[in-house]
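Comments concern the structure below.
In this text the structure is predicted, and so the values were computed from the model without any measurement.
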Amino acid sequence: MLSDYAIIGGGVVGLSVAWGLLRRGRSVTVLDGGDGSFRASRGNFGLVWVQSKGMNQPRYARWSQQSAAAWGDFAAELGEATGRDLGLEQKGGYDLHFSEETLQQTVEKYETLKAKLGGDYPFEVLGHNALRKEEPHIGPKVVGAILHHQDGHANPLRLLLALADDVRRRGGRVITGQTVTDVEKRDGAFRVTCADGATVEAGKVVLSAGLGAMELGPKLGFKAPIRAQRGQVMITEKLPRFINRPSLIARQVDEGGVQIGATNEEVGLDDSVTQPGLSGLAAEAVAAYPVLGRAQLVRSWGALRVMSPDGLPIYQESVTTPGAYLVTCHSGITLAAVHGHILPSWLEGAGDAPDLEVFSEDRFAVS
């Protein structure tokens, strides 16, 4: 059976794109990897985050803002269709600081970006006393925070399940446990071959396989200059609500546990947890919220982010193999709403397609 699109990768990015294409009436087959695959979607921090995005590229800040603004409708539509509450809260988020120097340096960078965005970058600076009124359990070592009002968080596992459910409900095929080994274009159609010999044919192919793009990308003419970056994360027992807004250090999930993270480690394809990594996270979290010093840790894990050289997404149609697209980013949760609502028009070449040229692989060209 020939699908309009074959989506290689069944994480949040691939499923968001598949969901959006199905909403446009396209037929879609999603090929998801096996249990041994690296899965950023199942190990991330769950933030819907704007602040600090696009400090050197305002278009990325705009793209993140656009997605954050669309997240409410996105979550509501998925929730109504699947009965899954995505746990979305968008009441703002904090960048916590332990020194006046780093706080001031960051504020200056935010002011510069705000000017480039025409003033549309709603944040405020809270000193320790003001922050303590918002977060009574904040520790004395925290000198202040930047509160950005477009930030929030959601339950990433429920998002993943809801997308998979609704993709199937809308008629999409989701084939799990498949490792794609080859993609070729013949007579105007793509043939995707899996390790077990199974094949899928489609008019177009979207490579959204995360780190799998490192191997598959060159087969389709992409540079795919991505790398893995490890993030270690841990979560506590369920606790009474005491954190009102998420931060880059900790967030209290809707079930009550506090998720703490994450490290940023250049260790290649190693998603293990380490005592130094977890100890560092714990020390910072306890400094931010001393009550965590009495909490029980129930789980820890490591996951690999999908990073481009400049940290921005890559959206690229292959020059050598038209109809093949590379879609990759390390902010799959934040960008899920635009990947579902807006990116499909770019894949379709529609008149309302966003201008994503700044995110093409051309920016990595070597002169």
Side-chain angles (χ1 to χ4, degrees), residues 40 43-53 55 89 92-107 109-110 123 125-148 151-153 156 229-253 256-267 270-305 307 311 330-331 333-334:
N44 67 77
F45 206 56
L47 297 177
V48 179
W49 212 248
V50 170
Q51 69 170 308
S52 78
K53 301 287 181 67
M55 299 290 273
E89 287 187 0
Y94 302 114
D95 179 12
L96 302 177
H97 286 264
F98 296 98
S99 80
E100 295 285 358
E101 182 180 8
T102 63
L103 177 60
Q104 185 56 39
Q105 289 173 348
T106 305
V107 169
K109 293 177 181 178
Y110 281 17
F123 73 90
V125 182
L126 304 179
H128 178 82
N129 292 338
L131 177 61
R132 196 170 183 83
K133 290 180 180 178
E134 300 290 329
E135 301 289 339
H137 293 276
I138 205 72
K141 294 181 180 180
V142 181
V143 302
I146 300 172
L147 168 59
H148 197 292
D151 291 335
H153 59 150
Q229 183 187 78
R230 183 171 67 191
Q232 297 184 55
V233 181
M234 50 191 180
I235 194 161
T236 72
E237 62 185 318
K238 295 180 181 179
L239 298 167
R241 174 69 61 176
F242 73 96
I243 297 178
N244 294 321
R245 294 187 181 97
S247 73
L248 296 171
I249 294 175
R251 72 182 188 99
Q252 191 160 19
V253 304
V258 175
Q259 191 169 340
I260 300 167
T263 60
N264 298 277
E265 302 170 85
E266 303 294 337
V267 293
D270 179 0
D271 64 354
S272 60
V273 296
T274 67
Q275 189 59 50
L278 297 182
S279 296
L281 291 176
E284 187 175 52
V286 171
Y289 302 97
V291 68
L292 287 173
R294 301 188 296 274
Q296 294 294 315
L297 176 67
V298 297
R299 191 160 67 94
S300 61
W301 64 93
L304 299 180
R305 301 179 184 89
M307 300 295 294
H330 83 278
S331 296
I333 305 301
T334 297

So do [Y] and [X] actually touch side chain to side chain, heavy atoms under 4.5 Å?
X    : Y    : answer
Q51  : I146 : yes
V258 : V253 : no
L131 : V142 : yes
P136 : N244 : yes
E134 : L147 : no
W49  : P246 : yes

**Message:** Please find the pair of heavy atoms, one from Y94 and one from A145, that lie closest to each other, and give the distance.
**Reply:**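 Taking every non-hydrogen atom into account, CD2-CB, 4.1 Å.
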**Prompt:** What's the shortest heavy-atom distance between Q232 and T263, and which atoms?
**Reply:** N-OG1, 2.7 Å
**Asked** With a 3.5 Å cut-off and no angle check, do the side chains of R305 and H330 form a donor-acceptor pair?
**Response** no
**Complete:** salt bridge (charged side-chain N to carboxylate O under 4.0 Å, His left out) filter on R230, not counting sequence neighbours, yields E265, D270
**Message:** I'd like to know whether CD of E266 has more than 12 heavy-atom contacts from other residues, nucleotides or ligands below 6.0 angstrom.
**Reply:**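 It does: E266 CD has more than 12 such atoms within range.
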**Prompt:** Atom CG of L47 and atom CD1 of I333: how far apart are they, to the nearest 0.5 Å?
**Reply:** 9.5 Å
**Prompt:** If you round to the nearest 0.5 Å, how far is CD of E237 from CG of L297?
**Reply:**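 Spacing of CG (L297) from CD (E237) equals 9.5 Å.
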**Request:** Decide side chain to side chain donor-acceptor pair (under 3.5 Å) for Q296 and T236; before the verdict, give the C-alpha distance in whole Å, the side-chain angles of both, and the deciding distance to 0.1 Å.
**Result:** CA-CA 6 Å; Q296 294 294 315; T236 72; over 6 Å; no
**Request:** Would you please name every residue forming a ring pair (Phe, Tyr, Trp, His ring centres under 6.0 Å) with H97, sequence neighbours left out?
**Result:**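 For H97, no residue satisfies ring pair (Phe, Tyr, Trp, His ring centres under 6.0 Å) once neighbours in sequence are set aside.
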**Asked** Looking at residues at least two apart in the chain, or sitting in another chain, which of them share a ring pair (Phe, Tyr, Trp, His ring centres under 6.0 Å) with H128?
**Response** none
**Prompt:** Under the side chain to side chain contact (heavy atoms under 4.5 Å, CB included) criterion, do D95 and L248 qualify, and how do the steps go?
**Reply:** CA-CA 6 Å; D95 179 12; L248 296 171; 4.2 Å; yes
**Prompt:** Just by distance, do the side chain of K133 and the backbone of N129 share a donor-acceptor pair under 3.5 Å?
**Reply:** no
**Message:** Going by the rule side-chain contact (heavy atoms from CB on, under 4.5 Å), which residues pair with V125 if we only count those two or more places apart in sequence or in a different chain?
**Reply:** L103, V107, F123
**Message:** Test of understanding: with side-chain contact (heavy atoms from CB on, under 4.5 Å), list the residues that count as partners of S300, not counting sequence neighbours.
**Reply:** M234, V273, L278
**Request:** Sort out for me which residue in R251, R245, Q252, Q259 forms a side-chain hydrogen bond (donor to acceptor under 3.5 Å, both in side chains) with H153.
**Result:**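 Running side-chain hydrogen bond (donor to acceptor under 3.5 Å, both in side chains) over R251, R245, Q252, Q259 with H153 returns exactly one hit, R251.
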Donor-acceptor pairs are to be reported for all side-chain atoms of residues 283-294 against protein atoms at under 3.5 Å, with residues two or more places apart or in another chain.
none

